[in-house]
Amino acid sequence: MSRAAQLMAVRGKLAALENRKGDVLPFGDRRIDACLPGGGLPLGCWHEAIGEGLESETAAATGAFIAALAAPLASRGAVVWVMRRQDLHAPGLASLGFPAERLIQVGAPSQTEALIALEDALRTPGIAAAIGEVERLDLIAGRRLQLACERHGAAGFVIRRRLYGRRRSDGLAAAATTRWRIASAPSEPEPGEPGLGPPRWRVELERCRGGRPGAWIMEKADGPLCLRVVAELGDRGLDTPSPIRLAG
């Protein structure tokens, strides 16, 4: 085993020890699970999701991806969604495979109250996951979220979302166990099927404590795991337009 591989293995073991519950949520695809410590998304800790462009305000693609990712956790308990704006669409979540009847929506008029509500939800017995729309957070807030996750092994998801018209905050939360950058991707219908195909996302795992980064095209799937890999991002056949030929 090379020195780099040995170092990666040690980091993975340390990350597993940091995860108090030692539980993971596997994607069911080795291309992703091999990048994550323990072979899946670590639970008992919190994760950060970021969008690009207008996504930093609307969080449409980012929120949809996190909803599909957290859907399997709803079988373990309730899921709390802390919102900064009243625009969460429960029927839309159901179309992504998320059981809306397991959802608890909490409105937070300020950044401070959103973090308090998210932390309280993660500390509450019976809560399997808590999702919070947060504009920014510092290392102290991140550490408090981590301690809250460790209380009962709940998974935390922070969606970085700024209010309309606000200047973008470039500060990233170094305390997050993983950091995901999400963008929408063109869907493709099933062969012989009319209309649009299932929703797709361009997913980049930018940071993973004890793991390694990666990038994929993913789409909604049926079954207990609501996401599946369509291709690794290196396969440009899905997201690169054909070259334009100029006449003359």
Any side-chain heavy-atom pair from [X] and [Y] closer than 4.5 angstrom?
X    : Y    : result
V203 : W180 : yes
R200 : P186 : no
C226 : L96  : no
L205 : L36  : yes
I32  : L227 : no

Nearest 0.5 Å please: distance from the [atom1] atom of [X] over to the [atom2] atom of [Y].
X    : Y    : atom1 : atom2 : answer
E206 : T178 : CD    : OG1   : 10.5 Å
W46  : L147 : CH2   : CG    : 12.0 Å
T177 : L145 : OG1   : CG    : 10.5 Å
C149 : I127 : SG    : CD1   : 12.0 Å
L41  : L73  : CG    : CG    : 8.0 Å
E135 : S56  : CD    : OG    : 9.5 Å

Side chain [X], main chain [Y], donor-acceptor under 3.5 Å:
X    : Y    : answer
E188 : L196 : no
R84  : A108 : yes
E55  : A61  : yes

Stepwise salt bridge (charged side-chain N to carboxylate O under 4.0 Å, His left out) test for D222 and K220: CA-CA 7 Å; D222 296 326; K220 177 194 172 296; 3.2 Å; yes
Could you point out which residue of R160, R85, R162, R161 forms a salt bridge (Lys or Arg N to Asp or Glu O under 4.0 Å) with E133?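 Of the listed residues R160, R85, R162, R161, the salt bridge (Lys or Arg N to Asp or Glu O under 4.0 Å) partner of E133 is R161.
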Does CZ belonging to R30 count more than 12 external heavy atoms closer than 6.0 Å? no
Sole residue of E48, E204, E52 in side-chain hydrogen bond (donor to acceptor under 3.5 Å, both in side chains) with R181: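 Considering E48, E204, E52, a side-chain hydrogen bond (donor to acceptor under 3.5 Å, both in side chains) with R181 is found only for E52.
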